[in-house]
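Just so we're clear, the structure is a prediction, and the values are computed from it rather than from any experiment. We name chains A, B, ... by the order of the sequence lines, and we start the count at 1 in each one.
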There are 2 protein chains.
Amino acid sequence: MTIKEVARLAGVSSAAVSRYMNGGSVSEEKRARIARAIEETGYRPDMTAQTLRTGRVRQIGVIVPKIFSESVSQIMDGISECLAEKNYMTLLGCAGIDDAQEIRYLDIMERNRVAGIILMGTTMDPVKEKRLRECRVPLVVTGQNFEGFPCVYHDDFHAVKALTSLVLEKGRRRLAYIGVTERDFAAGKARREGAQAALLAAGIDPETMPCTETSFDAEGGFQSARFLLAQHPDLDGFICATDNVALGAMMAVRESGRSVPADVSIVGVGDCWAGTISAPPLTTAHLRYRQCGVDAVRMLLQRIEQEDPEQGEAQPSQIRQIRLPYTIIERGSV
Amino acid sequence: MTIKEVARLAGVSSAAVSRYMNGGSVSEEKRARIARAIEETGYRPDMTAQTLRTGRVRQIGVIVPKIFSESVSQIMDGISECLAEKNYMTLLGCAGIDDAQEIRYLDIMERNRVAGIILMGTTMDPVKEKRLRECRVPLVVTGQNFEGFPCVYHDDFHAVKALTSLVLEKGRRRLAYIGVTERDFAAGKARREGAQAALLAAGIDPETMPCTETSFDAEGGFQSARFLLAQHPDLDGFICATDNVALGAMMAVRESGRSVPADVSIVGVGDCWAGTISAPPLTTAHLRYRQCGVDAVRMLLQRIEQEDPEQGEAQPSQIRQIRLPYTIIERGSV
DNA sequence: AGTCCGTGTGAAAACGATTACAAAACCTTG
DNA sequence: CAAGGTTTTGTAATCGTTTTCACACGGACT
């Protein structure tokens, strides 16, 4: 099943077989003999050997924090479809929130000679940044806007600002913000700042809005909202960093005997499927997760291809950044 | 950055460096020199070359129909966590419903020398079966019970049977079944048969129950339920093949002016997150998706390890099958 | 002193492909 | 028919590792 075996069977040199497979010049006669030998043996070239020799492998690495998440799997969907089109496979690394693990995957992927890496960003610290900079294969970050890296990310700031303005327009004034860890610049910091910016624009002091930080799931939203309602019984609106948190908050509000949206408005971010069937359905911002994956692949492939022919390290000024737009989806929770 | 370079710098042979890395015998003195050389150069062995030489690669292939699906991503979650523990990476192939693409991925993975393959099963036809049988790396199928292959799957039949019995116990007699493609033995055939078996056990002729076949999403459930309600206005229960379908059906029922569960009972399968916050929350069967992934990996790794030392092809009688239990979750929709 | 064993060592042969190179074979022409 | 060009060919080097093999070096033991 090796190329040599095929060559022997066809009575030619292994170079001829290689040329046959890769479109080199082979006489019609040998071409037929080789074809038959391949047919008989079911020979298929070993990709490991090919990679070792050519240095190229049609694989790209994808590092995610976790796979069981509506947003991540949507991005992955975009990625894998787009890669499949170009005949690439994806080497997946699921790192959790563990920075060290993330770097370990980066190592392994480089050592496997992947053509490029997509990093679904969460946090960034100096050690990691340093490691990312000295990464020798093209890299694209999704979901976060990391200065100096090619990124595809969502407009978290303006999405939440618009949502908050919407709530304010309905006359709600005593809002609370339920956020997630600030170490996540996009979902944590940018979204909170968006909410505060909207307050400021409406002439309200952002400092007066109570802010909590919780986990990404509904349970976190539930606990936070319950706590906030106990502290500030007169709240009439919750701005939540994610839809899941918002849905949890909705439960807490209902549990307290208040009604959504009559007494309290609630908004989330992400446009998750559960938000479409809750009662009331959730007003939220739709983010283009799938598109994010698609764009990340396009960007990566472009860098890969441009790097290939010109060995001259190309222009490092090429670090493009793509900010994806959002869409406010008004449903019943405001 | 190659092993030779390191060897030259340390003043030893490349064999010594290799032994140093892989725990062979190296004198204390050289050990120090090599360590320093590695430190200086930041050398890390090339995995492609290692694979070529040793034949082993710590990667396993995973082929899924699509990644953006609550069940699939949950299984993947179990898989990737379990693999990470054992220091394996996953090579992902997203095949859609395209059988040919599935086989193409199988090819590529074999040619990449993956240690094993997990196939998230959907359909099975003779061509594919033949190809799977002659697959030269260990293979495990999840989600389906394919005779003759090692499988980890859910007890779809009894789950739906139990759900249907539950609905019948509440006095509902005029049920309809909304299913998915019968080409999917597990989610299509087995679940429908479970529903019919429950009817039979209750002394009702299964043939009297209208059955439709639709897509896996809520839209499909919505259309089907609307159609069924038009045809049979006296229906008082829907057994749905998946939660998403059930939630779609719930919308259709509500749209028709009927109430759930007062007028019509609805059940689904899968225990998806949206079902917990719908109004009313959905009665369903919880399937152990995550566990499915974990067990699949355990099974695969076991086969890989047993195959490794004994070159003697081992016992092919080892095709274990694991049937995962289900749990009925009674919420408000019955 | 000779034998035996265990540990360290480097040269060289794999692993399975691609490709540079030079030789051979085949055409066109003048 | 000779000269010059184009297409086919096989040999051998290469990619970066691991591993076999033979050998050298010390003891420990007869």
Side-chain angles (χ1 to χ4, degrees), chain A residues 1-35 37-38 41-59 107-115 136-137 308-309 311, chain B residues 1-35 37-38 41-59 107-115 136-137 308-309 311:
Chain A
M1 24 122 120
T2 80
I3 200 174
K4 268 189 189 155
E5 192 67 6
V6 173
R8 201 180 52 73
L9 247 75
V12 300
S13 76
S14 61
V17 178
S18 175
R19 276 190 284 260
Y20 170 83
M21 307 238 56
N22 303 327
S25 64
V26 182
S27 71
E28 213 41 64
E29 184 213 342
K30 309 215 162 188
R31 191 171 285 276
R33 294 222 305 275
I34 294 173
I38 289 177
T41 56
Y43 165 74
R44 272 170 354 239
D46 181 310
M47 292 191 142
T48 308
Q50 284 183 144
T51 300
L52 178 59
R53 179 61 229 248
T54 64
R56 268 175 289 280
V57 58
R58 291 192 87 80
Q59 273 176 210
D107 269 10
I108 297 187
M109 287 173 178
E110 274 193 302
R111 292 181 12 172
N112 269 305
R113 290 166 117 106
V114 295
R136 279 193 316 265
V137 304
D308 204 20
Q311 212 63 302
Chain B
M1 21 118 124
T2 80
I3 201 174
K4 268 189 190 156
E5 193 67 6
V6 173
R8 201 180 53 73
L9 248 75
V12 300
S13 76
S14 59
V17 179
S18 175
R19 276 190 285 259
Y20 170 84
M21 307 236 58
N22 304 325
S25 63
V26 182
S27 70
E28 212 42 64
E29 185 214 343
K30 309 215 162 186
R31 192 170 285 276
R33 294 223 304 276
I34 294 173
I38 289 177
T41 56
Y43 166 74
R44 276 176 344 247
D46 181 312
M47 293 192 141
T48 308
Q50 284 184 143
T51 300
L52 178 59
R53 181 59 229 246
T54 63
R56 268 174 290 280
V57 58
R58 290 192 88 81
Q59 274 177 210
D107 269 10
I108 296 186
M109 287 173 178
E110 274 192 303
R111 292 176 41 188
N112 270 305
R113 288 165 119 108
V114 295
R136 279 193 314 266
V137 304
D308 206 19
Q311 211 64 304

**Q** For residues 7-21 of chain A, which side-chain donor-acceptor pairs fall under 3.5 Å, sequence neighbours excluded?
**A**
residue, atom, partner, partner atom, Å
A:Arg8, NH2, A:Glu5, OE2, 2.9
A:Ser13, OG, A:Ala15, N, 3.4
A:Ser13, OG, A:Ala16, N, 3.3

**Q** Please identify each residue that fulfils salt bridge (Lys or Arg N to Asp or Glu O under 4.0 Å) with A:Glu29, with sequence neighbours left out.
**A** A:Arg33

**Q** Going by number, which of residues 20-30 of chain A have a non-hydrogen atom under 4.0 Å from DNA chain C?
**A** A:Asn22

**Q** Restricting to side-chain contact (heavy atoms from CB on, under 4.5 Å), what partner residues turn up for A:Thr48, sequence neighbours left out?
**A** A:Asp46, B:Thr48, B:Thr51, B:Leu52, B:Arg113

**Q** Within the 4.0 Å heavy-atom criterion, would you say B:Ala15 contacts the bases, only the backbone, or no part of the nucleic acid?
**A** base

**Q** Check the distance between D:dC15's C1' and A:Leu52's CG and give it to me in whole angstrom.
**A** 4 Å

**Q** Just the rounded figure in Å: distance from C1' of C:dG16 to CD of A:Gln50.
**A** 9 Å

**Q** Starting from P on C:dA17, measure out to CD1 on A:Ile34 and report it in whole angstrom.
**A** 14 Å

**Q** Near DNA chain D, counting only heavy atoms under 4.0 Å, which residues of residues 3-14 of chain B show up?
**A** B:Ile3

**Q** To the nearest Å, give me how far apart CE (A:Met1) and C1' (C:dA17) are.
**A** 15 Å

**Q** Rounded off to whole Å, could you give me the CZ-to-P distance for the A:Arg33 and D:dT8 pair?
**A** 15 Å

**Q** Evaluate side chain to side chain contact (heavy atoms under 4.5 Å, CB included) for A:Val6 paired with A:Met1, printing each intermediate quantity in order.
**A** CA-CA 7 Å; A:Val6 173; A:Met1 24 122 120; over 6 Å; no

**Q** With a 3.5 Å cut-off and heavy atoms only, can you find an N or O donor on one side and an acceptor on the other between the side chain of A:Arg19 and the base of D:dG10?
**A** yes

**Q** Report yes if some heavy atom in the side chain of B:Val57 is under 4.5 Å from a heavy atom in the side chain of B:Met47; otherwise report no.
**A** no

**Q** Give the intermediate values and the outcome of side chain to side chain contact (heavy atoms under 4.5 Å, CB included) for residues A:Ile108 and B:Arg58.
**A** CA-CA 10 Å; A:Ile108 297 187; B:Arg58 290 192 88 81; over 6 Å; no

**Q** Looking at the side chain of B:Ala49, which of C:dG10, D:dT17, D:dG10 is the nearest nucleotide?
**A** D:dT17

**Q** Run the side-chain contact (heavy atoms from CB on, under 4.5 Å) test against A:Arg44 and tell me which residues pass, sequence neighbours left out.
**A** B:Asp107, B:Glu110, B:Arg111, B:Arg131

**Q** So B:Thr54, base contact, sugar-phosphate only, or nothing? Heavy-atom distance under 4.0 Å.
**A** sugar-phosphate

